[in-house]
Each structure stands twice: as C-alpha cells, then as structure tokens.
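As a basis for the values below, the full set of heavy atoms in this structure was taken, side chains included, without hydrogen atoms, waters or symmetry mates. Counting starts at 1 for both ligands and their atoms, in listed order. Throughout, numbering of the chain's residues begins at 1 and tracks the sequence.
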Amino acid sequence: MPADTAHTLSADRSDGEREIKRIFALQKDAYLQNPFPSYDRRIAGLDKLIELIEANEEVFATAISADFGNRSKHETIIAEMLVLLSGVRMAKKSLKNWMRPRGVPTPLHMLPAKSKLEPQPLGVVGIISPWNYPVFLALAPAAAAIAAGNRVMLKPSELTPHTSDVMHGLIDAAFDESEFAVIVGGVETGQAFAETPFDHLLFTGSTSIGIRVAQAAAKNLTPVTLELGGKSPAIIDASADIGKVTQSIAYGKMLNAGQTCIAPDYVLAPPNKLDETAAAIAAAARALYPEIDTTTDYTSIISDRHFSRLKAMVEEARDRGARIIEVGSANALHPQRKLPLTLVIDPPADAAVMKEEIFGPILPILPTGSTEDAIARINKGERPLALYWFGEDNEARDRVLQQTVSGGVTINDTLWHLAQENLPFGGVGKSGIGAYHGRAGFETFSHLKPVFYQSRFANSGLLHPPYTEKLEKTLSFIRKIL
Ligand code: NAD
C-alpha cells in the first residue's frame, strides 16, 4: 500500500483523530475475529520485522542522519539496529516457551485441582515513541506486542520526519493495517492517540508528557507502560581506578551526543580525585572523537530549540560559578549543531544543569565524600532511570544497590543493562511505570490469566449449606492443613 494513502495523516487533529478511530475500529474487529493468533502467525509477524530491519539498515541510518543533521551510521547500527535485532530474534526463539501456560502450585486443601497462568493477547495496543532512538524505541515495543499476539498502532515522533516516513512506508508494505499500522502526526495527533481506548498503551518520552499521556489513558482505564527519563547518576567510588572508568563514562555520555535516556547525567567523584576525574574523562573523550571538529562519528543535537536549551544550561552554570571545560572547539562545531562534551565542575544544586534531565553532552562532576553522601544526594532527587557504580569495594557497591531505587543498574560500565534482553527494562517513580524487553515485554502485552481447573473428585460441596456439624468437622480439618 503506498505510504501516501490509507495510513497517512495530516497533523490536523480532526483528520488524525478520524484516521486513528478508523484503524482502531478495524484492528478491534480483526482482534474479535481472531483473539488468539497462533504461534505460527506471531512468528510470521516477527519474521516480517526481522526482514524489514535487516534489509533497511542503510535506509534507516540515512533517514536518522537526515533528521539529526548528522548521526553516524555505525552509531545507528550499534545502538539501534543490533539491539533491536537481538531482541526480535530472542522473542522468536523464546516464543513457544513464553506462550506456554505456566502451572502454579495448588494448596493441599484444594487438591486435586490444578492452577495455571495462561498468557493471552490483550487486543489492540498503542505505542508512542520519541525521537532519540527513533527506530529502536518504536519497533522494540512493537515486536514485544506482536509476539504477545496483539494488533499494534504506532505513533512515532514528529521530530524525526524522515525516519517516521520510512518506517511508515516499510510497515505499510510489510503488514496489513489490521495487524500493524503507523499513524504519523504531531502533538495533536499524539493527544488524540493517547485518548484512544487501547487495551494497553506504551509511551516512551519525557516525564512531563508521560504524566499527560497517563491522564488521557486513565479516562478509559487503559493500562500504561511509561518509559520516561530523569537524571541518572554515575558514582565513582573511592575504590575505583579512575583511568579504567572514565572511558566508559565518556562513551555513555557522548553516544548520540548525550541524547540517550540512560546516559550518565552527572558524576559523583571523590573530592580528592575531582581534577583527575575531569582530566581523564576529557582525555577519554578526545580518544573517542580525535577529530571532533570534522568527524561524522559525532552526532548533532536534534533541533535548534534543544541546542539553545543546552547552551543556556552551560552559561547559567558558568555565571553561577561552576568551572566549565569544553572538550573540543565549540566554534567549529556549532554550525553543525554539534556540542562538544562540556564538563561542569561542581555546579550549585539549584542550577538547571542539576535540576533538569540534561539530554545532551554536558556532564556535571560533583565532589562527593562517602558512599553515604552519594546515597543521600541521589535519594534527595527523583528516582533515576539508570544508576552506574564504579569501584572494587563490594560492600560499598551493595549499600548503594540496597539504599537507592533506580530503574536499572550497570556496575563498572555504562548503558549495558539496556542491551541485555533477559533483564526487564523500565523506570521507577518519576522515571517510569512497568517494563519491557525479553520475557518482560511479552508479559507487559499479555494478560496472564489465572485459571483454576477444578477436579471431578473435588469435595467443595462439603462447604455448602446447610451448615451442620459435618461442616464444623470439615472446617477444623481444613484449619489444620492450611
Ligand atoms: P516527548 O515526551 O516530547 O515526546 C514523546 C512522544 O510523545 C512523541 O511522539 C510526541 O509526538 C508525543 N507527544 C507529545 N505530546 C503529547 C501529548 N500531549 N499526548 C500524547 N503524545 C504526545 O519526548 P522526546 O523529546 O521525544 O524524548 C526525549 C525524552 O524521552 C527524554 O526525557 C528521555 O529521557 C525520554 N526517553 C526515555 C526512554 C526510556 O526508555 N525510558 C527512551 C528514550 C527517551
């Protein structure tokens, strides 16, 4: 089906709303015709996705780069296509096992009945995705929803129009719109989308919009998974070898120019190693991007608005007395909307750079004395999406793990917990609700229906009225075996 026909929408809310309603009705009807798609049918859907991803790596890399101004093809392959492909392939390999009803123990007094959890598709699910990893964050939840046997409607970000158009065209060509459809449009279309009575809605984006999406979904009691943002700390413990940890921090921060939901937002470093830490992160950044003025390896900031926001954050911190270290020539980079890694040493706690999610290549480094100080500082803020801890002192590590609450953690590196499909990925508190990836994704988009299979030898009639002495004896026996 050509991309400019059935699923194409104008940004106008009424057009968008009409098209959302049309596709939703179509998908709901298809769901009612076949509420439990077979294993083979789900595998066919996952195969279509795998083929689409494998055949279009270059196409996606080019579209994403056009949307950003510049995004390295290799960064797109590593951080979007490979992670996505590994997730879809894993879903394919595990699907038979995930779909199997799971027996749960039945208490003695209910035997010989049997009890099971039987995964069931929810129906029609909605996915709203952001611009920062526009393919991975759209198609990874879609794959989980398809594996779980659902119909899927996807609303990608308006800030990546090239990528959204490519995804739209490819998905239209590969899938029937009753199975998987893309709705292209702006914020107003997003609002109408969030008000649709989906059987589940997964939103990836900012915390402020996530709250609005949850409010819109609540009107229909649509359950939501919210994959949000926040300020993810990296703690360098006194036991860490600074030389070994800083490359990982520089890489985690500079990948996609810091426009990564789980990028280390700020660093807590031992006070006596503050300068050493800053110098080592700067050296690591130079080693990663030696020709930062000219390299196509380094990603541009997505829009002028975000570029100005990030510049203003640095200027405010400078005015408030923080020491600023720019790792690269700002003058040469600005015309390409690229920002060099900018270290902000010890900014005040109420500076924007410490209050807002940074979402760019700016890295505050704060002196933090003890493990307790680090824990107290983190617990003063909202619960982060990710936390990174570097060091060799396992006792200090475990204290941080037990006394802070974050969506996920990587120890002695950054980012990796996201790529491990067997670990559920999601936030907690203001950084999100629910999780997906691997089996967690399948379960997010399934109803794990509890089913009690009564035995024909059951004696439950003994509990029915009339309540006689016989019942009293039965009750005293049950009390003993409970
Ligand atoms: P955003 O919240 O501005 O937009 C996300 C999506 O919501 C877009 O598709 C947008 O069109 C849509 N939208 C905007 N207003 C809407 C409304 N009122 N109702 C319904 N939909 C609406 O986020 P963004 O700027 O695209 O992405 C950056 C944010 O996303 C950062 O905060 C980042 O941390 C977060 N993020 C989180 C994850 C995660 O997995 N937890 C991953 C990537 C990004």
Side-chain angles (χ1 to χ4, degrees), residues 9 11 13 16-17 20 67-68 79-80 83-84 87 126-138 140-141 144 153-161 163-164 167-168 182-196 198 201-219 222 224-232 255-265 301-303 305-306 309-310 356-360 382-386 406-408 415 417-419 423-437 440-441 444:
L9 299 177
R13 169 150 180 148
E17 210 169 339
I20 290 166
D67 284 327
F68 274 80
E80 300 220 43
V83 197
L84 176 59
I127 292 167
I128 302 179
S129 55
W131 53 263
N132 63 327
Y133 290 92
V135 178
F136 171 61
L137 293 170
M153 290 172 67
L154 164 70
K155 212 275 326 147
S157 172
E158 67 282 8
L159 286 188
T160 46
T163 313
S164 296
M167 253 188 324
H168 185 191
V182 180
I183 311 289
V184 178
V187 170
E188 296 211 323
T189 302
Q191 284 166 343
F193 194 86
E195 288 163 12
T196 304
F198 291 113
L201 179 60
L202 184 143
F203 168 83
T204 306
S206 59
T207 299
S208 57
I209 302 292
I211 290 170
R212 282 194 234 166
V213 166
Q215 283 168 340
K219 288 189 189 147
T222 292
V224 288
T225 300
L226 301 177
E227 298 282 340
L228 310 176
K231 292 186 80 63
S232 299
L255 181 77
N256 210 26
Q259 300 164 108
T260 303
C261 56
I262 53 165
D265 188 273
I301 301 302
I302 188 75
S303 67
R305 185 172 72 80
H306 280 284
R309 177 183 67 82
L310 291 164
E356 296 165 23
E357 176 182 11
I358 294 172
F359 221 56
E382 299 296 349
R383 292 177 166 176
L385 179 60
S406 59
L415 312 180
H417 63 283
L418 177 139
L423 291 173
F425 180 78
V428 59
K430 289 268 167 67
S431 61
I433 295 174
Y436 72 117
H437 288 196
T444 285

Rounded at 0.5 Å granularity, tell me how far CD1 in Ile127 sits from CG in Leu137. 11.0 Å
Working to the nearest 0.5 angstrom, can you tell me the gap between Asp265 CG and Glu356 CD? 10.5 Å
Side-chain donor/acceptor of Arg309 to backbone N/O of Ile358, under 3.5 Å: yes
Can you sort out the partners of Phe193 under ring-ring contact (aromatic ring centres under 6.0 Å, His included), two or more places apart, ordered by chain and number? Phe198
Hey, is the main chain of Pro384 close enough, under 3.5 Å, to the side chain of Lys231 for a donor-acceptor pair? no
Any idea how Phe359 and Trp131 line up, ring-wise: parallel (<30°), tilted (30 to 60°), or perpendicular (>60°)? perpendicular
Neighbouring residues of ligand 1, heavy-atom cut-off under 4.0 Å: Ile128, Ser129, Pro130, Trp131, Asn132, Leu137, Lys155, Pro156, Ser157, Glu158, Val187, Gly190, Gln191, Phe203, Thr204, Gly205, Ser206, Ile209, Val213, Glu227, Leu228, Gly229, Cys261, Glu357, Phe359, Leu385, Phe425
